[in-house]
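Only one structure is covered here, and it is reproduced in the block below.
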Amino acid sequence: MKRAVGLLCVTMVVLPGCAKSGVPTSAMPQDAGADVEMPEVAAEEEAGPDVDGESRDFAPQDGPPQLRELQAEFSDLDRELAASGVRAPNKRGMAKNADPAKSGEPEPAGDTEVVNRVQRCTRICELRVAICDVSERICSLAEEHTDDSRYAQTCERSQARCEQATQACESCSSSE
Amino acid sequence: MSFGRGLGRGLSSAGLVAAGVVLGGALMFVGLAQADRLAPERPGVLVALGQRLEVEHRAVDLKLERGDVAGAIASLDALREGPWPGIDDVTEAGVQLRHDAYGRLIRLRLDHPDVDPRGVEDMLALVAEGLGDEEGLDANPFTARLWALRGELLEEQGRDDEALAAYEQALEINAMLLERELEGGE
């Protein structure tokens, strides 16, 4: 989910800017064992190269030479991922089969707002994980340094941050 | 304290979506530049770098799916060797990409200490290399993760004061990112 939403972020933000230049862009950091999903642009490549061997519209026209090589590798990996059952999101970050009824139909204008809310909530909840994990570390250290008030103060501060993040995550999750 | 506790996993996943927005925004400038609307110094380098990381990440995903941790680490190690363009060429987004690559590599090494083992000193050197000397970077989850990893390693060495400072750095960055999200909320 987080990767799909992240890829959506990149796709939605980057593609408009790159539309004219036709540069494919996707830069989503990854986590070991994270679900892997692919942007539609990548999925389109699964069909293989154009019959006439010409570049697609999104292929770089004047980019660094290694881009074509990377794209080929990218396509190979996409095919492997697809073969492993990895879902490919469309440009709005939803799995292609998430709502077959809407397949091929123009998406309602309200969808973007919904997606934005979901993205924001996902980011908040991811931050909660990071903040609370660091807090746990800090407070674990504080238990070993009971004679040093700095540790206790930092632990307290981190716990407050963790609580704030948890509330924000729960709040946005419940409103979805 | 052992390597590979749950924290790392959380940190490695935390804020990655936010990073997508950060990098997406940065890469948007590249797109705009190539549409002659902005003019960063070497937009193609940033695009190539972003794509290389994307490919490498996917390769690492596949290797991990197959249980090939050594291969995944080798891939990230090869990526780490660069070359990494300077901030002038690729803007801050390029630096964040570097932090991302190093962070994932170090996380993997911490989670799998028996695979191609490295000492804590070596790992700390790796963190320092990843963090580099760029200053005043905008808050982002990749840098936060590297700081937290540094804290983990320092803690492993018993350098608790320094570990605490590193954790605080990570906490502050993530707290700042959270504040931004909340301020931008409805």
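The backbone N or O of B:Tyr167 sits nowhere less than 3.5 Å from a side-chain atom of A:Arg137 that would complete a donor-acceptor pair.
The two residues B:Ala175 and A:Arg161 come nearest to each other via the heavy atoms CB-NE, 3.5 Å. Contact record, A:Leu141 with B:Leu164: CD1-N, 4.1 Å, taken as the closest heavy-atom pair.
Residue contact with chain A, scored on non-hydrogen atoms closer than 4.5 Å, involves the side chain of B:Glu179 exclusively.
Inspection of non-hydrogen atoms places A:Arg150, A:Tyr151, A:Thr154, A:Arg157, A:Ser158 of residues 149-159 of chain A under 4.5 Å from chain B.
For B:Glu162, the salt bridge (charged side-chain N to carboxylate O under 4.0 Å, His left out) partners two or more places apart in sequence, or in a different chain, are B:Arg159. With sequence neighbours excluded, no residue forms a salt bridge (charged side-chain N to carboxylate O under 4.0 Å, His left out) with A:Arg128.
When side chains are defined from C-beta on, A:Glu126 does not count as touching B:Glu181, because their heavy atoms never get closer than 4.5 Å. Taking the side chain as every heavy atom from C-beta outward, B:Leu182 and A:Ile124 approach each other to under 4.5 Å. Using a 4.5 Å cut-off on side-chain heavy atoms (C-beta onward), A:Arg123 and B:Arg180 make no contact.
For the atom pair CG (A:Asp133) and CZ (B:Arg145), the distance works out to 13.0 Å, reported to the nearest 0.5 Å.
Of all the listed residues (B:Val60, B:Ile173, B:Asp160, B:Leu49), the one sharing the greatest number of non-hydrogen pairs under 4.5 Å with chain A is B:Asp160.
Using a 4.5 Å cut-off between side-chain heavy atoms of Ile, Leu, Val, Met, Phe, Trp and Tyr, B:Leu137 falls into a hydrophobic cluster with B:Ile87, B:Val95.
Criterion: ILVMFWY side-chain heavy atoms under 4.5 Å apart, direct or through other members. Under it, B:Leu105 and B:Val120 are part of a common hydrophobic cluster. B:Met176 and B:Leu171 are not part of a single hydrophobic cluster, where members link through side-chain heavy atoms under 4.5 Å apart.
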